[in-house]
Amino acid sequence: MAAELTAPELIAKHRPTLDQALEAIRTRAYWSPHPEHPKAYGEHGSLDAAAGKAAFDALLGTRLDLGQAGTDDWVGGEISPYGTELGVSYPHADLDVLLPAMKAGQPAWRDAGAEVRAVVCLEILKRISDRTHEFAHAVMHTSGQAFLMAFQAGGPHAQDRGLEAVAYAYAEQVRTPESAEWSKPQGKRDPLVLTKNFTPVPRGIGLVIGCNTFPTWNGYPGLFASLATGNAVLVKPHPRAVLPLALTVRIAREVLTEAGFAADLVALAAERPGEGVAKALATRPEIRIIDYTGSTSFGDWLEANARQAQVYTEKAGVNTVIVHSTDDYKGMLSNLAFSLSLYSGQMCTTPQNLLIPREGILTDQGPKTFDEVTADLARAVDGLLGDDARANALLGAIVNPDVKARLEAAAGLGEVALASREISNPEFPGAVVRTPVIVKLDGAKPDAEAAYMSECFGPVSFAVALDSVTDAVELLRRTVREKGAMTVGAYTTDSEVERAIEEVCLEEAAQLSFNLTGGVFVNQTAAFSDFHGSGGNPAANAALCDGAFVANRFRVVEVRHQG
């Protein structure tokens, strides 16, 4: 069957976007082709709000047949953190049938070349973008994110990260020319002449192990980095967040088919309850690349045991903010309050430890003691979340019972500066919604260390009193070195303190933000400009996204001909 989407058509359609993405990663300036505002959708084939909600509702209680090889059963069971059962069932794969089918499609995909692969990926992303409203509901009802966050983080921001990965993948593949004429002079004799051809070849099948909280945002970089470099990709979603990635796989398969490639280049590996298919898949010889976001324990297991694969992990860390001094006390408190509250702290970038000198800090409102800073921050969080409607829009829902249990246990770890409270959601009575807790700890007491040196994922933060800013800087160093950090923040008006903090973050490879008091928050990053993680501390062995994230997903094979 002839391809419905020809290479020249796809190149003409998407090459300008690819070129803009390449320029954006070069300059690190702001750019995004994916609108953040929900009202921007509804034209040129994209679904508006009503159509997107209707499309999502139509999925509930249905079987999502992807037509992929080796389907031997149907599985499902997602329950929304907002209290409703999705009732969607997905294909369960016989891996001994599916994996060979995926591998069979790779030679034609490899031979298509870097540019064709890139524009096919951009067509997939364009179709996902057109259905952003549908995806927003799918992300919301699997992750517990509030709708606007699910729309933005699960839609345009995730799509940006996917496109960023494609741009990096293309840039690395075309670094080496496709061919070269090589001639070495031999004095009076004829030169030695060779024709050399260089082909980027895929490593094999890439496995994307999805997470519950950000299925698309964390899933798209690895998916598109592997696909754009010629690899087939098997997507293994988190059992509680299958739908967004299943929809992604369905769209990818449709585009691949229309472009004349094998649909099984992208497939889904949904699992039965308790099956634990990720471990079984991770060590299969066919799996040559693994992208994982989730707990440190399983990430460590993958790094130790999936020896046949190139493993990229984003695990967990203890994110820290040093509060030393500020010339905008109100802005600092407001910024921190939002950072602690967004999505109930269920982000790998949310600050956990606030390191504050015991004697207090200097501000534009005069000196503030440790107790005053913590009390004022508690009031800022209360003010931000005082209106229940606004609180629901910021907090979303607690994603699973483990987060709720950690939140409830945290109050017993020290003096509570801000108690968590329950909020009802009139639209979704089954949602578990909680405001953050802030617990004061004395950094000089050994029993406090067990709390602040362990990740407590969720809406839990520790205000740690230390004898000096020097102690805070050294604790930051030890925390990043031993536990890792996805983000570090600092507030200081002292240039020497600033240099000391920056030096720690340079030495320990931690991404750092100074004096955020406006609309940019420490737990948010922008694709094409900000790096998410560094790959240089225990929180993650890769960064989203840089050249190292894509370059080892393929190798260059040289074929030489004499004469």
Side-chain angles (χ1 to χ4, degrees), residues 80-83 140 143-147 149 212-213 316 318-321 323 332-356 370-442 447-448 450-465 487 489 521-523:
S80 168
Y82 288 95
M140 174 182 176
S143 71
Q145 295 175 33
F147 177 77
M149 184 175 183
N212 194 173
T213 48
V318 176
N319 300 319
T320 299
V321 176
V323 182
M332 180 190 79
L333 294 173
S334 176
N335 192 280
L336 284 173
F338 188 91
S339 296
L340 300 183
S341 302
L342 185 62
Y343 184 32
S344 299
Q346 298 171 125
M347 304 173 70
C348 63
T349 50
T350 300
Q352 175 178 302
N353 293 344
L354 309 175
L355 309 185
I356 307 170
F370 172 84
D371 287 337
E372 286 174 325
V373 173
T374 54
D376 289 344
L377 179 58
R379 278 190 288 272
V381 174
D382 265 344
L384 178 67
L385 303 177
D387 176 76
D388 283 2
R390 182 166 60 179
N392 277 307
L394 283 174
L395 295 170
I398 298 296
V399 70
N400 62 53
D402 291 341
V403 175
K404 181 172 178 283
R406 283 192 293 270
L407 169 63
E408 292 171 346
L413 298 174
E415 180 185 346
V416 176
L418 175 66
S420 177
R421 68 184 179 90
E422 183 176 352
I423 294 177
S424 63
N425 187 321
E427 187 178 0
F428 301 104
V432 176
V433 185
R434 299 288 190 274
T435 62
V437 62
I438 300 175
V439 178
K440 294 196 288 187
L441 298 174
D442 187 336
D447 59 343
Y452 66 70
M453 285 296 285
S454 300
E455 187 202 23
C456 192
F457 184 77
V460 177
S461 291
F462 300 113
V464 184
T487 60
F521 304 95
V522 69
N523 42 351

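Position 1 is the first residue of the sequence; numbering continues from there. Here the structure is a predicted model, which is why all the values come from computation and not from measurement.
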Peer 1: How far does CG of N319 sit from CG of N353, to the nearest 0.5 angstrom?
Peer 2: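 Separation between the atoms: 9.0 Å.
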
Peer 1: Which atom pair, heavy atoms only, marks the closest approach of A431 to N425?
Peer 2: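 Residues A431 and N425, closest heavy atoms: CB-CB, 4.4 Å.
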
Peer 1: Applying side chain to side chain contact (heavy atoms under 4.5 Å, CB included) to R421 and R434, what does each step give before you reach the verdict?
Peer 2: CA-CA 6 Å; R421 68 184 179 90; R434 299 288 190 274; over 6 Å; no

Peer 1: Can you give me the closest heavy-atom contact between L441 and A451, atom names plus distance?
Peer 2: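 Scanning both residues completely, I find the closest heavy atoms to be CD1-CB, 3.9 Å.
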
Peer 1: Please say which of N212, V399, N400 ends up in a side chain to side chain contact (heavy atoms under 4.5 Å, CB included) with Q346.
Peer 2: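 With Q346 as partner, N212, V399, N400 yield a single side chain to side chain contact (heavy atoms under 4.5 Å, CB included), made by V399.
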
Peer 1: Do V460 and L413 touch side chain to side chain, with heavy atoms closer than 4.5 Å?
Peer 2: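 Of all side-chain heavy-atom pairs linking L413 with V460, none is under 4.5 Å.
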
Peer 1: Any ion pair linking D382 and R379 (charged N to carboxylate O, less than 4.0 Å)?
Peer 2: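 No, this pair does not count.
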
Peer 1: Would you say the side chain of V432 lies within less than 4.5 Å of the side chain of P401, judging by non-hydrogen atoms?
Peer 2: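 No - every pair of side-chain heavy atoms lies 4.5 Å or more apart.
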
Peer 1: Quick one: which of M347, Q352, R406 gives a side chain to side chain contact (heavy atoms under 4.5 Å, CB included) with F457?
Peer 2: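 Single pass found, and it is R406.
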
Peer 1: Which atoms form the tightest heavy-atom contact between T350 and S339, and what is the distance?
Peer 2: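 Closest approach of T350 to S339, heavy atoms only: CG2-O, 3.7 Å.
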
Peer 1: Mind checking the SG-CG spacing from C456 to L407? Nearest 0.5 Å is all I need.
Peer 2: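 So the SG of C456 and the CG of L407 are separated by 8.0 Å.
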
Peer 1: Okay, side chain of S344, backbone of L395: is any donor-acceptor separation there less than 3.5 Å?
Peer 2: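 Indeed, once roles are kept as given, a pair shorter than 3.5 Å links the two residues.
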
Peer 1: Side-chain contact, heavy-atom cut-off 4.5 Å: D388 with P426?
Peer 2: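 No; the side chains remain at least 4.5 Å from each other.
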
Peer 1: Are any of the side-chain heavy atoms of T487 and N523 separated by less than 4.5 Å?
Peer 2: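 The answer is no, as the side chains (C-beta and beyond) never meet within the 4.5 Å cut-off.
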
Peer 1: Of the non-hydrogen atoms in S341 and L384, which two are nearest, and what is the gap between them?
Peer 2: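 The pair with the smallest heavy-atom distance is OG-CD2, 3.8 Å.
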
Peer 1: Quick check against the 3.5 Å criterion: does S420 have a side-chain atom that pairs as donor or acceptor with the backbone of T435?
Peer 2: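 Pair found, side chain donor or acceptor close to backbone of T435.
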
Peer 1: Could you go through the side chain to side chain contact (heavy atoms under 4.5 Å, CB included) check for V373 and L354 one step at a time?
Peer 2: CA-CA 11 Å; V373 173; L354 309 175; over 6 Å; no

Peer 1: Measuring from L418:CG to L340:CG, what's the distance to the nearest 0.5 Å?
Peer 2: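 Between atom CG of L418 and atom CG of L340 there are 9.0 Å.
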
Peer 1: Is the ring centre of Y452 less than 6.0 Å from the ring centre of F462?
Peer 2: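 Ring centroids of Y452 and F462 are no less than 6.0 Å from each other.
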
Peer 1: Going from OH on Y343 to CD on Q145, what distance comes out if it is rounded to the nearest 0.5 angstrom?
Peer 2: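 Interatomic distance, Y343 OH to Q145 CD, rounded to 0.5 Å: 5.0 Å.
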
Peer 1: Heavy atoms only: give me the nearest S454-V318 pair and the separation to one decimal.
Peer 2: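 So the two residues come closest at C-CG2, 3.8 Å.
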
Peer 1: Among all residues two or more places apart in sequence or in another chain, which pass the ring-ring contact (aromatic ring centres under 6.0 Å, His included) test with Y82?
Peer 2: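 Residues passing ring-ring contact (aromatic ring centres under 6.0 Å, His included) with Y82: H141, F428.
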
Peer 1: Provide the closest heavy-atom pair for A397 versus P81 in the form atom of the first, atom of the second, distance.
Peer 2: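 Looks like CB-O, 3.8 Å.
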
Peer 1: Going through the checks in order, is the side chain to side chain contact (heavy atoms under 4.5 Å, CB included) test met by V323 and M332?
Peer 2: CA-CA 9 Å; V323 182; M332 180 190 79; 3.8 Å; yes

Peer 1: Decide yes or no for D371 and K440: does some side-chain heavy atom of the first lie under 4.5 Å from some side-chain heavy atom of the second?
Peer 2: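 SC-SC contact between D371 and K440 confirmed.
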
